[in-house]
There are 2 protein chains.
Amino acid sequence: MKEVKLTCEGKPVDLNEIGGMSFDECKKKLAELSKGLAHPARVEIVRMLENKPLEERCVCGDIVNALPLAQSSVSQHLKVLKEAGWIQGEIDGPCVCYCTVQGIMEYYLALMKRSLKGK
Amino acid sequence: MKEVKLTCEGKPVDLNEIGGMSFDECKKKLAELSKGLAHPARVEIVRMLENKPLEERCVCGDIVNALPLAQSSVSQHLKVLKEAGWIQGEIDGPCVCYCTVQGIMEYYLALMKRSLKGK
DNA sequence: CCTTAATATCGTATATCTACGATAAACGAT
DNA sequence: ATCGTTTATCGTAGATATACGATATTAAGG
């Protein structure tokens, strides 16, 4: 599964270069990612994907089955998480295999540190 | 300044007892707190308050002056953060002195750990 | 091709968010 | 009591979020 680039306000963001972002960009990106976690269903989706071992596929249908929501609603939540930068999806035949963007948790924590502890 | 209790779905939450919360309550509370950070202005407010030394007061007016928003809009953001559990306000004469709830950052991180890494 | 299965998107209804100006409420000082 | 300062709340408008069913899309298999 190939790496997917994060974006902030449409522009690509390098996970390893938070230092290169302006302070304001940091806060915007932190807000974007936080909005991703601002719904219990999306928290659960990130948890499912973050805990999966690499070999274990997690397709859209698995997520739909795990949540008490309609398929279309889950699809919307997946879109929100994808656009925020939490997850990525890879088409695999008729299914879409989802996983968290690698290092996203550490990136989120780094953004919190820079945005909330910065001067 | 006296300690203010956190709530989850209206019920009080002990900062030191995440273990006592159900898994679902954890995810709901994480979503609530995340929604607090889901706007750049609120990220900036939390940053301002988190970085203040204890002796240094930070009244509502200071926050209004620091943000490019109308007083009523800032007041709304403060209300969101207060209801989410990030901050508390203490009335001091005609002013209201705000600060972050003690240990809230660690609590947020603990919720992330439990909600996103839990089984 | 045509069907089936899996996802995404559309359309829609309701609710919540965000921002502002105007107004109310609380307090200290005159 | 009245005034000015500070903050919260109200009313409102427009944008975004949330949920669902219905429909479109995509790919595999017949």
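Residue numbers start from 1 in every chain, and the chains themselves are labelled A, B, ... in the order their sequence lines are given, proteins ahead of strands.
The base of D:dA17 does not come close enough to the side chain of A:Q76 for any donor and acceptor atom to sit less than 3.5 Å apart. Put simply, the side chain of B:Q71 and the base of D:dA8 share a donor and an acceptor less than 3.5 Å apart.
Protein atom CZ of B:R42 is 15 Å distant from nucleotide atom P of C:dT16, rounded to whole Å. At whole-Å resolution of the value, CD1 in B:I63 and P in D:dT6 are 14 Å apart. Whole-Å rounding puts the B:L67 CG to C:dC20 C1' distance at 15 Å. Between the CG atom of B:L37 and the C1' atom of C:dC17 there is a distance of 16 Å, given to the nearest Å. The CD-P distance, from A:E83 to C:dT9, rounds to 9 Å in whole Å. Rounded to an integer number of Å, the gap from B:E90 CD to D:dA8 C1' is 17 Å. Nucleotide D:dT6 holds its P atom 13 Å from the CG atom of B:D92, rounded to whole Å. When the P atom of C:dA5 is taken as reference, atom CG of A:N65 falls 14 Å away, rounded to whole Å.
Mapping B:S73 and A:P68 onto DNA chain D by nearest heavy atom places B:S73 closer to the 5' end of the strand. Comparing B:S72 and A:H77 by the nucleotide of DNA chain D whose heavy atom lies nearest to each, the residue mapping closer to the 5' end is B:S72.
The side chain of B:L78 has D:dA8 as its nearest neighbour among D:dT18, D:dA8, D:dA17. Taking the side chain of A:K79 as heavy atoms from C-beta on, and the options D:dT5, D:dT7, C:dT9, the nearest nucleotide is C:dT9. The side chain of B:H39 lies closest to C:dA19, out of C:dT7, C:dA19, D:dA19. You'll find that the side chain of A:L69 is closest to D:dC20, out of D:dC20, C:dA8, D:dT7.
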Could you give me the CA-CA distance, side-chain angles and deciding distance for B:W86 and B:M105, then say whether side chain to side chain contact (heavy atoms under 4.5 Å, CB included) is met?
CA-CA 8 Å; B:W86 278 103; B:M105 196 78 119; 4.2 Å; yes
Output, in order, the C-alpha distance, side-chain angles, deciding distance and verdict of side chain to side chain contact (heavy atoms under 4.5 Å, CB included) for A:E90 and A:Y98.
CA-CA 6 Å; A:E90 194 186 20; A:Y98 282 101; over 6 Å; no
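Here the NZ atom belonging to B:K117 is positioned 7.0 Å from the CG atom belonging to A:N51, to the nearest 0.5 angstrom. The CG atom of A:L116 lies 9.0 Å from the CZ atom of B:R47; values are rounded to the nearest 0.5 Å. The CG atom of A:L37 lies 12.5 Å from the NZ atom of B:K35; values are rounded to the nearest 0.5 Å.
Considering only side-chain N and O atoms, A:S75 lies under 4.0 angstrom from the phosphate OP1 or OP2 of C:dA8. Remark: B:Y98 is in phosphate contact with D:dA8, judged by side-chain N or O atoms under 4.0 Å from OP1 or OP2.
Cluster annotation: B:V101 is connected to B:I91 through the hydrophobic network of ILVMFWY side chains, with a link wherever side-chain heavy atoms come within less than 4.5 Å.
Residue B:V59 is in sugar-phosphate contact alone, with no base atom involved, counting any heavy-atom pair closer than 4.0 Å across all strands shown. Here A:K35 lies in heavy-atom contact (under 4.0 Å) with sugar-phosphate atoms only. Using a 4.0 Å heavy-atom cutoff across all strands shown, B:I91 reaches no nucleic acid atom at all.
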